[in-house]
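Whatever order the structure lists ligands and atoms in, that order sets their numbers, starting from 1.
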Amino acid sequence: MDLIPAPRSLRRTEPGAAFVVDGRTRVDAGPGTERTERWLRGVLAGAFGVGLPPGEGAGALALRVDGSLGTESYRLTVRPDRAELVGGDPAGLFWGAQTLRQLLGPDAFRRAPIGAREARLPCVTVEDAPRFAWRGMLLDVARHFMPKDVVLRYLDLLAAHKLNVLHLHLTDDQGWRLEIRRYPKLTEVGAWRTRTKVGLRESTLWDERPHGGYYTQDDIREIVAYAAEREITVVPEIDVPGHSQAAIAAYPELGNTDVVDTTTLPVLTSWGVNPNVLAPTDTTVRFYENVLSEVLELFPATFVHIGGDECPKEQWSASLTAKNRLVDLELADEHELQSWFIAHFDRWLAERGRRLIGWDEILQGGLAPKAAVSSWRGYAGGIAAARAGHDVVMCPEQYVYLDHRQADGPDEPVPIGFVRTLEDVYRFEPVPAELTAQEAAHVMGTQANVWTEVLDSVRAVDYMAFPRLAAFAEVAWSALPAPAERDFAAFSARMRAHYVRLDALGVEYRPPGGPRP
Ligand code: TNX
């Protein structure tokens, strides 16, 4: 059956026998099953041209929600005369439908009709539940803008892998991608750059084409609704106080104006850690409160990501305004100033019923109890956070930065970071062994991050994300043994079927074994 991610249990009950889905099949949909019903109807209408009208009785495909099963869990029972999918909640039901689609065979991943007019579900019993509640992918739409349709397509791809969080990195030095009504220049100016450096520091090549784009608030509403239909939460990231040059280019008063002439700063065209950071002033704080107010209207997610990474402190050390701030606030140094900045938004979000999440740099200086941490510089930040009682999303760059190459070789994209193979990702363990059970309970889950400095199109993103995202999904969902005991050979064998599904979805994955010489 070659399911990916692997379920908790799968039994073939009547080998050779199947439940046939055709023009006569009815859907018997109980309360709370509407999203899955709509989604299944779409899938079966695509390649198979099967309508799935509502109806009960023998030969029906039954959908149920039954709270006695756990959160996000499901049970699928297929017999020749009846198929029943039960979810512990609407999300569990939807994940069960993803399994059902894989059981229907690769044509179920096509949209164009194949003229079959029927599909066959093998007789099985599947019982399944996720290991982690947060199973995410970050898409960096700031470094290279990805049009709305690309984001919608990625939501489909996440859903097919039972991933349930899309972390949208919406702002950075190189672009601001979200319409903010109160500050139109953020996108009029901040969403556009004149050219783009190809590759990182050592490169001297430039792509001389202007680049840019942004999501209107209507686009975002559409993305969020499309995600919700697929049981996916969209977590927005507004990165402060570093990685903010695009905002400063639009509103120069946000920068350290007594140190640099911020009126001449462009939207950044090259990459790396950038000294032009936000000024730690009330003007900046009010500005970002106003930005976040609009963000909260658009994104219903509990968590709002506030960045907090890679903020060099040189300008604050040189700035009289920042120095005065230190005195006013009775802070020891610039690091405490960064903590003050983050702590302010931590409180501000908490007052509005939301929770702050940020990169592990935000740990310096202490956090409100409900703030959470994305551990990216290895495990250390995540371990410290969990020990301090904070929730953690494990996304160490050594394992799950999918912009890093999956092999060495001349055909791979511009080298950045580590080489991380499919097997490395498969053996990634989100919960470090040194945590006690109580500390480990703070690991909400894990996330694969797709940064796009060197990925300038959806095809480039596909190549880097796949097949590794499939291995990542199994790490995030399935109850795998310890890394050394994981059966990578068995996973690879199942992947053969999964590549056929990805082909049907039109995903331009890195071919198994790499590009042909
Ligand atoms: C580090 S992860 C960054 C990103 C880069 C990435 C490239 C993080 C919080 N900061 O700004 O895009 O490395 O791999």
Side-chain angles (χ1 to χ4, degrees), residues 136-146 165 167-177 193 196-203 211 235-247 267-278 303-312 338 341-342 356-364 371-382 384-385 392-406 412-420 424-425 428 446-456 460-461 463-465 468-469 472:
M137 186 185 106
L138 173 145
L139 187 61
D140 172 9
V141 294
R143 268 58 175 273
H144 279 96
F145 177 65
M146 306 280 161
V165 175
H167 172 166
L168 270 188
H169 184 73
L170 287 165
T171 71
D172 214 301
D173 296 314
Q174 299 83 7
W176 182 286
R177 306 292 173 216
R193 62 177 183 255
T196 299
K197 192 157 188 179
V198 180
L200 299 183
R201 273 175 284 283
E202 60 279 11
S203 162
H211 175 86
V235 172
E237 179 181 352
I238 305 293
D239 203 344
V240 296
H243 287 285
S244 302
Q245 190 167 319
V267 175
L268 198 62
T269 57
S270 61
W271 314 111
V273 179
N274 173 25
N276 296 308
V277 303
L278 297 176
F303 282 101
V304 174
H305 206 292
I306 204 80
D309 57 316
E310 299 180 327
C311 177
Q338 149 126 354
F341 200 84
I342 299 295
L356 176 143
I357 183 166
W359 302 108
D360 55 61
E361 285 94 330
I362 69 170
L363 274 169
Q364 307 160 350
V373 169
S374 307
S375 187
W376 75 277
R377 297 175 301 173
Y379 287 106
V392 175
V393 175
M394 279 292 181
C395 50
E397 59 175 344
Q398 292 83 349
Y399 291 93
V400 286
Y401 267 37
L402 301 187
D403 55 327
H404 296 174
R405 297 187 305 165
Q406 36 212 328
E412 300 301 328
V414 188
I416 57 170
F418 314 83
V419 169
R420 283 301 160 192
D424 291 332
V425 174
F428 163 57
T446 179
Q447 187 172 292
N449 294 345
V450 183
W451 301 100
T452 60
E453 288 97 327
V454 298
L455 308 178
D456 63 357
V461 170
Y463 183 90
M464 295 307 271
R468 290 182 296 186
L469 197 68
F472 172 77

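Using cut-offs of 30° and 60° on the angle between ring planes, the pair Tyr401 and Trp376 is parallel.
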Run through all N or O atoms in ligand 1 and write down each protein N or O closer than 3.5 Å, as a pair with its distance.
{"residue": "ligand 1", "atom": "10 (N)", "partner": "Asp309", "partner atom": "OD2", "Å": "3.1"}
{"residue": "ligand 1", "atom": "10 (N)", "partner": "Glu310", "partner atom": "OE1", "Å": "3.4"}
{"residue": "ligand 1", "atom": "11 (O)", "partner": "Arg143", "partner atom": "NH2", "Å": "2.9"}
{"residue": "ligand 1", "atom": "12 (O)", "partner": "Arg143", "partner atom": "NH1", "Å": "2.8"}
{"residue": "ligand 1", "atom": "12 (O)", "partner": "Glu453", "partner atom": "OE1", "Å": "3.3"}
{"residue": "ligand 1", "atom": "12 (O)", "partner": "Glu453", "partner atom": "OE2", "Å": "2.6"}
{"residue": "ligand 1", "atom": "14 (O)", "partner": "Asp403", "partner atom": "OD2", "Å": "2.7"}

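Aromatic rings of Trp451 and His404 (six-membered ring for Trp) have centroids beyond the 6.0 Å cut-off, not under it.
Salt bridge present: Arg143 and Glu453 bring a charged side-chain N and a carboxylate O closer than 4.0 Å.
For Tyr399, the ring-ring contact (aromatic ring centres under 6.0 Å, His included) test picks out Phe428, with sequence neighbours left out.
Side-chain atoms of Val373 and Leu363, non-hydrogen and from C-beta on, do get closer than 4.5 Å to each other.
Inspection of the His305 and Ser374 side chains reveals an N or O donor paired with an N or O acceptor under 3.5 Å.
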